[in-house]
Amino acid sequence: MSTPMERLRALEKQLFAYTYAACVINYDDATVAPPESSEGRGEALEALSAAEHRLLTGSGLPGLLAAARESALGEQEAAELRELQRMYDEASKIPAEEYAAFAKLASTAQNVWAKARAADDFAAFAPYLERILDTRRRWAGYLAPGKDPYDYWLDHYERGANTRMLDRFFDELQGRIVPLLARIQTEGRPIRTDFLWQDWPIAQQKELAHRVMRRMGVDAAHCAMGESAHPFTTEFYKGDVRITTHYNPRDMTSSLYSVVHESGHALYELHTADRLKYTVLAHGASMGVHESQSRFYENYLGRSLAFIRALWPDLTELFPSQLAGVSPEELYAAVNRAEPGLIRTEADELTYCLHILVRYRLEKRLMAGELAVKDLPEAWNRLMKDILGLDVPSNAQGCLQDIHWSCGDLGYFPSYALGSAYGAQMLRELKKSLDPDALMEAGDFGPVNAWLAEHIWQYGMEKQPGWLVENACGGPFDPACFAEYLEAKYTALYGLA
């Protein structure tokens, strides 16, 4: 006779199977699927989503959860019940036909978005965004009646986040970063960048990408790399994690840092504890915690002078003519320069969170119904001008540049900024026991990987995001740490008094 916990574990494995199948479909869609093949994937995702919904709502899950709670539970089992209860609450409150229909809508919307961006045709995508917004507002009403819909989705992606907290966070960042950026533009010493924009053969860029992954400790036996328009990471399970990158023949650093960034995500997923496999806990704790890892590797380690010095023999071997007459110090300055640009994924470390600020403020207004979808391009362009001082020449380089809204991920973007801020505080704590610059110069990621595995990776979703942040940061989240880090780094880089 199986116990309630054993029956719950069997249900978790079924959920894993549905998620695995959906991940394979979505990864294929973004990497190698023919451009006119989205209809079949949409049908398959709709069927998978419906089956998952039936499993959660038609399996006597509430009774199983109640029975399991009567037994002595360890910390992992209690966390599994917590997450299963959350999943049941969400699924049971959303009508089955809406649950399945949204999977199909999101799949179709992603395909429409890709074509709309390529054609700079916002009007083609707008009706799908309106349907997505309507669905997300309606679902928030099902799931948290009386709560602000945007607050619900912010908390969905990052437990504890809400507009009040994020307003304070982004206002502080804007108040400190925008004046610093103005000083850099008027007082900063020049940084050499002429060598960045030339021909960087794709074959050598691919070889560099694989070398960087090996250097970082990403296990090629369990992590593969593909190509997509928008770099991303997806985890089928801890034994099969996929990352993608996008190669720009005129800019080697674009792919280099997307590979470092996505490898940070991959390392997290590859190092969750084995005991969590096939359970609902077998993934990163939250979007913000996940992003703290990717941006930790991309910015705090990958853009350090020490890392560039360690990578220099590979760079000069693969690109001897491109880097002739260039020093590691010049490349370090160039890849850290603060230079406002239109594209979020290519933004420098200083201005990146300003891109997130633009999206946050627009999402908040869209979800509240204060901004009509048809007026989104104009509102986007105005904020980009006000905050980053940029004129947006096209919607493809403006409000159509990100895939996230076509997936339904309203409330996701702020996690990127929170992750960057978490990472700064983690770096401060890590430096109490390790010397990351010495390790990077020696090309040794092992101790840093081990520190992060101990403090964050092993726990998967067993621990809540707030606990993980305190465990890795030595105390509660302190957004001022991030602002102080940026001010110190960029004051030194640009020779500001």
Side-chain angles (χ1 to χ4, degrees), residues 154-161 165-166 169-170 172-173 216-218 231-233 235 241 243 257-272 283-304 307 344-345 347 349-350 352-353 355-357 360 404 409 411-432 434 436 445 448-486 489:
L154 289 169
D155 181 79
H156 174 82
Y157 291 111
E158 189 66 19
R159 303 290 170 79
M165 178 266 277
L166 288 168
F169 173 55
F170 283 117
E172 177 172 357
L173 286 181
M216 291 176 65
V218 179
F232 67 94
T233 299
E235 61 284 355
V241 179
I243 72 171
Y257 285 106
S258 77
V259 169
V260 177
H261 179 100
E262 301 305 335
S263 291
H265 283 305
L267 284 166
Y268 190 177
E269 293 294 334
L270 289 165
H271 289 85
T272 54
H283 301 293
S286 71
M287 298 300 103
V289 174
H290 231 305
E291 196 64 16
S292 75
Q293 302 307 284
S294 59
R295 296 191 74 76
F296 189 93
Y297 280 88
E298 178 191 353
N299 290 329
Y300 302 124
L301 301 182
R303 293 185 193 273
S304 68
F307 175 78
R344 174 188 64 85
T345 56
E349 187 179 10
L350 183 65
Y352 183 86
C353 286
H355 285 263
I356 303 303
L357 168 59
Y360 166 69
H404 301 63
D409 290 334
Y412 183 107
F413 277 118
S415 302
Y416 288 125
L418 289 171
S420 295
Y422 295 162
Q425 201 169 340
M426 290 174 193
L427 180 67
R428 184 174 67 184
E429 185 67 14
L430 178 143
K431 284 183 173 180
K432 295 177 181 178
L434 296 174
F445 279 81
V448 174
N449 291 354
W451 191 92
L452 290 168
E454 176 187 352
H455 289 84
I456 295 177
W457 298 346
Q458 63 168 316
Y459 296 109
M461 294 182 71
E462 182 178 40
K463 304 286 190 180
Q464 295 277 40
W467 186 95
L468 288 168
V469 170
E470 289 205 26
N471 191 48
C473 296
F477 172 51
D478 175 15
C481 179
F482 181 43
E484 291 163 5
Y485 158 83
L486 290 172
K489 176 174 180 175

Any donor-acceptor N/O pair, [X] side chain to [Y] backbone, under 3.5 Å:
{"X": "Y257", "Y": "G302", "answer": "yes"}
{"X": "Y268", "Y": "A285", "answer": "yes"}
{"X": "E454", "Y": "A450", "answer": "no"}

Can you see which heavy atom on [X] is nearest to which on [Y], and at what distance?
{"X": "I356", "Y": "P414", "value": "CG2-CA, 3.9 Å"}
{"X": "E158", "Y": "P465", "value": "OE2-CB, 4.0 Å"}
{"X": "G264", "Y": "Y297", "value": "CA-CD1, 3.8 Å"}
{"X": "Y459", "Y": "L468", "value": "CD1-CD2, 3.7 Å"}
{"X": "L154", "Y": "G411", "value": "CD2-O, 3.7 Å"}
{"X": "C481", "Y": "Q425", "value": "SG-CA, 3.7 Å"}

Can you tell me how the ring of [X] sits relative to the ring of [Y], calling it parallel under 30°, perpendicular over 60° and tilted otherwise?
{"X": "H271", "Y": "W457", "value": "tilted"}
{"X": "H404", "Y": "Y416", "value": "perpendicular"}
{"X": "H265", "Y": "H290", "value": "tilted"}

* Asked: Would V448 and L301 satisfy side-chain contact (heavy atoms from CB on, under 4.5 Å), going step by step from the backbone distance to the final call?
  -> CA-CA 10 Å; V448 174; L301 301 182; 3.9 Å; yes

Would you compute the distance between atom [atom1] of [X] and atom [atom2] of [Y] and round it to the nearest 0.5 angstrom?
{"X": "Y422", "Y": "F477", "atom1": "OH", "atom2": "CZ", "answer": "6.0 Å"}
{"X": "W451", "Y": "E429", "atom1": "CH2", "atom2": "CD", "answer": "6.0 Å"}
{"X": "N299", "Y": "L427", "atom1": "CG", "atom2": "CG", "answer": "11.0 Å"}
{"X": "M287", "Y": "R159", "atom1": "CE", "atom2": "CZ", "answer": "10.0 Å"}
{"X": "F296", "Y": "L430", "atom1": "CZ", "atom2": "CG", "answer": "5.0 Å"}
{"X": "Y300", "Y": "S292", "atom1": "OH", "atom2": "OG", "answer": "9.5 Å"}

* Asked: Is the closest side-chain heavy-atom distance between V260 and M216 below 4.5 Å?
  ->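 Yes, their side chains come closer than 4.5 Å.
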
* Can you find a pair of side-chain heavy atoms, one from S304 and one from P436, that are under 4.5 Å apart? ->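 No - every pair of side-chain heavy atoms lies 4.5 Å or more apart.
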
* To do: Please lay out, stage by stage, how K463 and N471 fare under the test side-chain contact (heavy atoms from CB on, under 4.5 Å).
  => CA-CA 10 Å; K463 304 286 190 180; N471 191 48; over 6 Å; no

* Asked: Hey, which of E262, H261, E269 is the one that makes side chain to side chain donor-acceptor pair (under 3.5 Å) with T233?
  ->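 Going through E262, H261, E269 one by one, the side chain to side chain donor-acceptor pair (under 3.5 Å) with T233 is satisfied by E262 alone.
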
* To do: Give a yes/no verdict on a cation-pi contact between R295 and Y352, requiring under 6.0 Å between NZ or CZ and the six-membered ring centre and an angle within 45° of the axis.
  =>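 Judged by the rule, R295 and Y352 form a cation-pi pair.
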
* Asked: Passes side-chain contact (heavy atoms from CB on, under 4.5 Å), S258 versus T345? Steps please.
  -> CA-CA 8 Å; S258 77; T345 56; over 6 Å; no

* Asked: Passes side-chain contact (heavy atoms from CB on, under 4.5 Å), L166 versus L418? Steps please.
  -> CA-CA 9 Å; L166 288 168; L418 289 171; 4.1 Å; yes

* Asked: Would you say the side chains of E349 and Y485 form a donor-acceptor pair under 3.5 Å?
  ->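 Their side chains do contain a donor-acceptor pair, which is all the 3.5 Å distance test asks for.
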
